[in-house]
Each structure stands twice: as structure tokens, then as C-alpha cells.
Amino acid sequence: MCGIFGYLNFLVERDRRFVLDTLIKGLSRLEYRGYDSAGLAVDGDTEDQTFIFKQVGKVAALKKLVDTQEIDFEKSYISHCGMAHTRWATHGQPSQLNSHPHRSDNHNEFTLVHNGIITNYKEIKTLLEKKGFSFETETDTECVAKLTKYLYDSQKNSDITFTDLVKMVVKELEGSFAFIFKSTHFPNEIVATRRGSPLLIGVKTAKKLKVDFVDVEFGNAPDAINIPDKDPTGFMDPTEGGRPQMNRSLSRAFMSEDGMPQPIEFFLASDASAIVEHTKRVLYLEDDDIAHIADGELHIHRLRRDDGNSPATRSIQTLEIELAEIMKGSFDHFMQKEIYEQPESVVNTMRGRVNFETHKVTLGGLRGYLSIIRRARRIVFIACGTSFHSCLATRAIFEELTEIPSQVDLASDFLDRRTPIFRDDVCVFVSQSGETADTIMAMRYCLERGAVCVGITNTVGSSISRETHCGVHINAGPEIGVASTKAYTSQYIALVMMAIQLSEDRLSTTKRREEIIDGLYRLPGHVKEVLAQDANLQKLAEETLSKEKSLLLMGRGYQNATCLEGALKIKEISYMHSEGILAGELKHGPLALIDENMPVILIMTKDSLYPKVQSALQQVTARKGQPIIICNTGDDNLIRDYKTIQVPQTADCLQGLINIIPLQLLSYYLAVLGNIDVDFPRNLAKSVTVE
Ligand code: G6P
């Protein structure tokens, strides 16, 4: 979904070409999030000028537009602030006008980029229209740029700072957002803020920073800039209110060790993948932080005076990802690379956590909460998309090992139902990105109700990993392809490990735990065995499935989740209609679809439900269906009579980890055969940061 990138240099001479290239490269690293148009803003030739370039389509199209501008690319800057954006349309179609950056007026006095949704934009727009503003786009964002100008003009004689101005603006906004603001009135300054949408700041210096944190500057008045409560029109009266009263502290971090200002570059981005090639030193903004960067210093202010509970510093952390992890290497697509990374990514999820000799699991991130979780009245798993399927896939083993009633909910539905949640519930939020809006809202809903909240995410520093009480990082490495693959298998393993650890005090389940841990030990080898069938799966996609319009996937028990996840993979990247069907439900409806022409994949790996799936097979073949069967190697009856995909057998609750691999590969090849941009399927985004 929308991606934000900003680049600031201070005492580091850069020409315009360098700045533009850096911004465009930053955007290209965010492309995987999904977008339909892109744009950027840089300084013009004079201080009161800002150049804005926007284009529909790929970042490459924006680059082309920029390259053909008649501007001085050699113009150099000692200090400069530029910002850029990839847009995923929510309000108004993808168009050049609707693309970001948005501006306050024809002179581009205030420009900004935004990720998220402003829910009260209509009210703001109506009011601004009454004040004489006219709007050029259909977006919710434009009203924020115009509101900034309106408030600035009203405060003109008070020497308002950029930070305080943005505070006034943000106080009027409802919804979710990450913003970067730039202004010709505040040259070489940037203000960035977030609420609900991610934003981090990378710092690059030649010399070591003096300290590795930034002080948070709290206002010393009840309200940092003493603005009165909203007036009935929705806006504060700009003529009232006192002068800003800030506790200005030295920004200790940004001096070099000798205490002098130093050459420095800042990179702002929606996620770390756009920053890591420049610097690994990053700071994650918290909700309602207002970051002000000027004169080589970063100051963090708070929107409102805090309740005393929020930390007084933001630490500058070191990113643990490598550039190579976000590059395709020798693979054609990120999705293919990520499918092939699974023999290693599953090991990374277990590394240091599973002792295969003593059959013990230790999840450091749950320490301190285990006994509370064990006493839970109920475990509620909440997630979206693929992450939801990883919860479904492991629910049964949770219930079996912990004997705690467990339910699995889609985050949006969970919120729609206003599901009753109590203090003795444990709520588990599973999210690759840790930034999915629906999941975050569900998490906050559960936190408010006093439930223990556990996060299972792939993104260190994400909202879910920061705001939950405890959790597990799945350590799958960055996942760029929109279709989630290695994150699914790693989430699945993280959840299985959690169930094992929760049940370690139950002697009756010792054998079962050992069987599962032995299965986890063999897993990387099993995954490799399936990957070795790549060529056969490509052939199957090409010869049997690629011309079809629809594909049904059937299974039951543990394999229901595999069918749902396999069908999701197929529809999202090959655009073929595909449905996962619980085989036990076949006779209650889906059987009506079966005839000799309807393509079916039936999952029939060996577990206690095998006889029941056999009956589903009979129901299908009796209607002349010709299913392709995913079965275990050595299941000779099936192999003799049907077209099969053979996979190694493992513990029933882990079999889904192996069975999903051929479906990932099939969906990949169906997309490639359909000439589809595998990593960027239409209409979808990797990180869905709006409701
Ligand atoms: C989007 C992605 C899916 C992902 C889902 C949940 O729809 O395209 O691949 O499964 O969001 O994302 P999360 O980051 O919360 O796991």
C-alpha cells in the first residue's frame, strides 16, 4: 500500500540529479507494497519554489517523466529536503492529479505525502471550501495540505514553527496516517508524523553518533502549544492561544563525539527495505510523534502532553536485514526466490528456540507470560489473508496440546462483530508486516479490554510487535512478493512452537510433542524434496491447468487451511477463480459443481481423516471428476490410478507445511504462464495499512 520516502542532506553536497535518483530508488524499493502511481517533490531553483513531479503507473514511468524535465540537474545543494510517494488509490482513481505529493496552492507553499486515510476529510474540506479554498483532486489528503496553509496564514504574525504548525494540523485529523510535510516557508526543514501507519527514519553519518537515542521533547504546558479546545466549526481559533512553550533540549544524538554539528543524511520511509542500502541506523516513530528535522538535527516532539507512561527517548536501532535479502538475485521473481528460501527460512524461525535433542522449545519473547497464557479462558487468533490461514492451520494442535478453547477470526469480521473480549482471554495477532490496519485495530480493541495480547510478526519494530504484551518474531527475512509464501510457513511454525511450549508442563502430551519436534527437525529436508519437483509442477501447470477458468481445492482437518491458502495463492496471482473447500462439506453444496470438466485438486496425505477423504474422492469420481491428488510418496493405489503430486509424510499437524509448497509453485507457474506480473498482482498490496 502507499509508500513514503524522504531524503535530507545536511552539510553533504548533493546535486539535484543525486537527490532525484535517491528518491526514485527509494520508491522502487517500496514498489512491492503495491501501488498505482508515484510522485515526488524537490526544491526548485529559488527558496520559494518546489518542483512536484507525478505520474500514473510504475516508478520507472515517473523516472522517465523526471528525466525529460528541462531543469538543471547539476544544481547542487549543501542542504536539501526531498520527498516521494507511491500511491495505492483509495479516494479517487489513479491519476496524475490524485497522485502525491499534494500541495496547498499553486505556489506549492506546503507539500506533503501521506499513507493512510483521513476519515474526517469531508468535514475539513467543506469548511475550507467555505473559507475560499478550491480543490484540484478527489483525495482525502489534499485537504491536509490546504488545512496547513489555512492555519499557517491565520498564524502568520506569530512566528509559528513548522513543528507547531503540523501539531495544529494533526490535532484536527481523524483516521490513520503517516505524513511528511515540506514547505517553502521553512526551507530545508521536514516534519514527519504518524498515527497508525508506519514511518521510520534512517540516519547516516561518517562519524559515530554521540549517543544512540533521541530525547522526546514533551511540552511543559497541558497542551504543548496552548491551543484552545476545538471551536464548534472543528478548527481552533487561530487568534487565540499562547506562544509555543517547548522544552527544547539539545538533540544529543546528532552531534559528533566532539560536540560539533556534522554532515548527516536522513532517510524517511514506510519500511526498512528502502533505507537499508543507505544506513542500518534507524529510529521508529511512535504514534503521535512529531519528528522535526532541520540543521542536521532530529527532534522528536509529542502531539500532546503524555500521561507519563511513554518513554522519554526513541532509540536508534540497528537494522538486521541485508541488502541482498531484498534483491531478487538469480531468481525471476521475488515470489519464486521466497518459495525457494523456505528450507532456510523455516530453520531461521526455529533457530535458538527448538532443542531437537532434549525436545524442548524456548520462545524468549513469551517469557514472563507463559503462566498467564496457560490460565487463559480462551485463545483468540486474529489475522488477515495468509496470516489468518496460518492460524487456521494450527488451531487444532493448539487445542489438542493446551486444551484451551481456541477461536480464529478474520480481523475485519472480528471488529464488525464487536466480539466480546475479556481480561482472561489471550488474543494472538498474526501479521507478516505487523502493520495491517484491521489487525492493528483489533489489537487495540483487545488491549482496551484488558486481554493479554501476543504478536506473531515478521517485522521487528512494527506496530504489532511494539504494542503487544509479548510475542514471537518469525525471522523469515523480508518478504517482498505480494503473495505470502515463506511468511506462511514461518508463522505456522511459530504457532506450533508456541503450542508446544505452552503444553510443556503436561506430561500426557510429552510423546506428541516429541513427535512434532522430530517432524520439525526433518522439515527443511522435506521442503527441499518438494521443491525438487519444480519441473513437474511447471509441466502440470502448463499442460493441465493453465487453460482452465476455475480450480477447486479440497481437503479436511489440517488440510482445510492448506486448501484455503492454496486457493488464495492461485486467485491472487494467476487471477484464476479458485476455491478451497472443506471436503466434509462437499455434499452440502460444492458437489453440484463437479463434472468431468471441473478441475479439482484433492489433498489426501495420510492422517486419521484419510478414510473420510477417500469418501470425498469417491463422491468426486462418481460425478466423473478427475482430481489431481496431493498424496504421500508410496501411496501406490493413488499413484497408480490418478494424476498425483507426491510429498513426504510427516506429523499430521506439520503436513500442511509441506503440502502448501506444491500449491505455491503451481500458483507461481500459473501466473507466469498467464504473463502476470507475479510480484505485483493487480489491485493488491503487500501491506494493507488502511481499513
Ligand atoms: C495483504 C497481503 C497478503 C497478506 C495480508 C495480511 O492482503 O497481500 O499477502 O497475507 O495482507 O498481511 P499481514 O502483513 O498482516 O500478514
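Order of listing sets the numbers, starting from 1, for every ligand and every atom in it.
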Residues Glu341, Lys486; criterion salt bridge (Lys or Arg N to Asp or Glu O under 4.0 Å); working and verdict: CA-CA 7 Å; Glu341 275 171 353; Lys486 64 173 180 172; 2.7 Å; yes
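For ligand 1, one of its N or O atoms has an N or O atom of Ser431 under 3.5 Å away.
Distances from ligand 1 to the non-hydrogen atoms of Val482 include at least one value under 4.0 Å. Residue Ala685 places a heavy atom under 4.0 Å from ligand 1.
Ligand 1 places these atoms under 4.0 Å from at least one heavy atom of Ser484: 9 (O). Atoms of ligand 1 found under 4.0 Å from any heavy atom of Lys686 (numbered from 1 in listed order, with element): 1 (C), 2 (C), 11 (O). With ligand atoms numbered from 1 in the order given, ligand 1 contributes 13 (P), 14 (O), 15 (O), 16 (O) to contacts under 4.0 Å with heavy atoms of Gln432.
Ser176 and Arg195 share no donor-acceptor pair across their side chains, judged by distance under 3.5 Å alone. Side-chain N/O atoms of Lys337 and Ser330 include no donor and acceptor closer than 3.5 Å. Side-chain contact, Arg444 with Ser463: no donor N or O sits under 3.5 Å from an acceptor N or O.
The protein heavy-atom contact nearest to atom 16 (O) of ligand 1 is Ser387 OG, 2.5 Å. With hydrogens left out, the protein atom closest to atom 12 (O) of ligand 1 is Thr436 OG1, 3.3 Å, a heavy atom. With respect to atom 10 (O) of ligand 1, the closest heavy atom belonging to the protein is Thr386 N, 3.0 Å. For atom 6 (C) of ligand 1, the nearest protein heavy atom (residue, atom name, distance) is Cys384 O, 3.4 Å.
Classification of the Phe5-His278 ring pair by plane angle, with boundaries at 30° and 60°, yields tilted.
For an aromatic pair to be called close, the ring centres must be under 6.0 Å apart, and Tyr121 with His91 satisfies this. You'll find the ring centres of His389 and Tyr488 outside the 6.0 Å limit.
Across all their heavy atoms, Phe414 and Cys446 have their closest contact at CZ-SG, 3.5 Å.
The side chain of Val688, and not its backbone, has at least one atom closer than 4.0 Å to an atom of ligand 1 (non-hydrogen atoms only; side chain from C-beta on).
Nearest to atom 14 (O) of ligand 1 by heavy-atom distance, out of Ala437, Gly481, Ser433, is Ser433.
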